[in-house]
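The structure presented is a predicted model; accordingly, all values stated were derived computationally and were not measured. Throughout, residue positions are numbered sequentially from 1 according to the sequence presented.
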Amino acid sequence: MDIKRVIAVGVAFLVTTAMMPVQASASEIDSTQDRTPIAARSCPEVGQTSVKATIVSRNYHIGVGTIFRAGPGGIITATVSKTYRVTASSNVSGSITAGEIAKATVSAGVSSAVSAEASTSYTYKRQISSGRYGNLQYGNYGTKVNITKTMIVSPCNVKTVASGTATVPSHNTWGYKYWES
């Protein structure tokens with residue numbers, strides 16, 4: 001066979017194959033009997049809400065009272081004799097209660113309190129780096145969390161109704177935070 005004949009037979013085969021009708025698969029066949037609309041699903045959970053917390057930072061300082069400042073350089077000393085109370089606070093875009101925040105933080109693994117109180121008479125003394133200012137503030141070392149409140153809406157979709165951050169105090173961890181500026 002010469003090369004021209006091989007090419008001509010190949011081209012004829014390709015043209016014939018390209019023009020042949022193709023059998024549709026069962027999933028592609030359009031049935032006129034099956035055109036009824038699908039009914040909307042009912043969802044018994046519509047209206048239910050849930051609150052979830054994820055830990056951003058443990059040992060998050062929730063400052064209360066005066067910020068003491070001294071310097072530049074030298075020694076900073078602060079003595080406090082006072083009763084302090086901190087409560088759970090949030091920066092949430094929506095409606096969420098302190099109780100919901102506390103419940104969600106417990107499920108995230110934080111031993112939380114909606115509020116905590118401490119009476120103290122405490123002196124703190126520290127050397128300040130040369131040329132810097134020393135800052136002190138008493139407070140509670142709690143937990144900072146991200147909070148998300150969701151609701152089930154029709155037809156069984158989840159909608160975020162509130163989200164933001166919250167600080168939750170610990171029951172018994174109080175102390176000074178020191179920083180330099």
State, to 0.1 Å, how close [X] and [Y] come at their nearest heavy-atom pair, and which atoms those are.
| X | Y | value |
| --- | --- | --- |
| T160 | T148 | CG2-CG2, 3.9 Å |
| E45 | I152 | O-CB, 3.3 Å |
| T165 | N146 | CG2-OD1, 3.2 Å |
| G131 | P72 | C-CB, 3.8 Å |
| A70 | I128 | O-CD1, 3.4 Å |

Original post:
Taking atom types as modelled and ignoring hydrogens, do the side chains of R69 and S181 form a donor-acceptor contact shorter than 3.5 angstrom?
Top reply: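 Short answer, yes.
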Original post:
Do we see a donor-acceptor contact under 3.5 Å between the side chains of S50 and T150?
Top reply: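 Side chains of S50 and T150: pair found under 3.5 Å.
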Subject >> Y138/I67 under side chain to side chain contact (heavy atoms under 4.5 Å, CB included): CA gap, chis, key distance, verdict >> reply: CA-CA 8 Å; Y138 194 75; I67 295 175; over 6 Å; no
Original post:
Can you tell me how far the OG1 atom of T54 sits from the NZ atom of K144, to the nearest 0.5 Å?
Top reply: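 Interatomic distance, T54 OG1 to K144 NZ, rounded to 0.5 Å: 11.5 Å.
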Original post:
Has Y178 got more than 12 heavy atoms of other residues, nucleotides or ligands less than 6.0 Å from its OH?
Top reply: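 More than 12 within 6.0 Å, yes.
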Could you check whether any side-chain N or O of [X] sits under 3.5 Å from a backbone N or O of [Y], counting only pairs where one atom can act as donor and the other as acceptor?
| X | Y | result |
| --- | --- | --- |
| S129 | R132 | no |
| Q48 | M151 | no |
| N59 | Y141 | no |
| Q137 | F68 | no |

Original post:
I55 and I147: same hydrophobic cluster, using ILVMFWY side-chain contacts below 4.5 Å?
Top reply: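 Yes, it is one cluster - the side chains of I55 and I147 are joined through contacts under 4.5 Å.
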**OP:** Check whether any side-chain heavy atom of V64 sits under 4.5 Å from a side-chain heavy atom of W174, and report yes or no.
**Re:**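 Yes. Closest side-chain heavy atoms under 4.5 Å.
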Original post:
Quick one: does I75's side chain get under 4.5 Å of K125's, heavy atoms only?
Top reply: yes
Original post:
Do the rings of Y176 and Y124 sit parallel, tilted or perpendicular, given the 30° and 60° boundaries?
Top reply: tilted
**OP:** Could you give me the CA-CA distance, side-chain angles and deciding distance for T143 and Y60, then say whether side chain to side chain contact (heavy atoms under 4.5 Å, CB included) is met?
**Re:** CA-CA 5 Å; T143 305; Y60 182 79; 5.8 Å; no
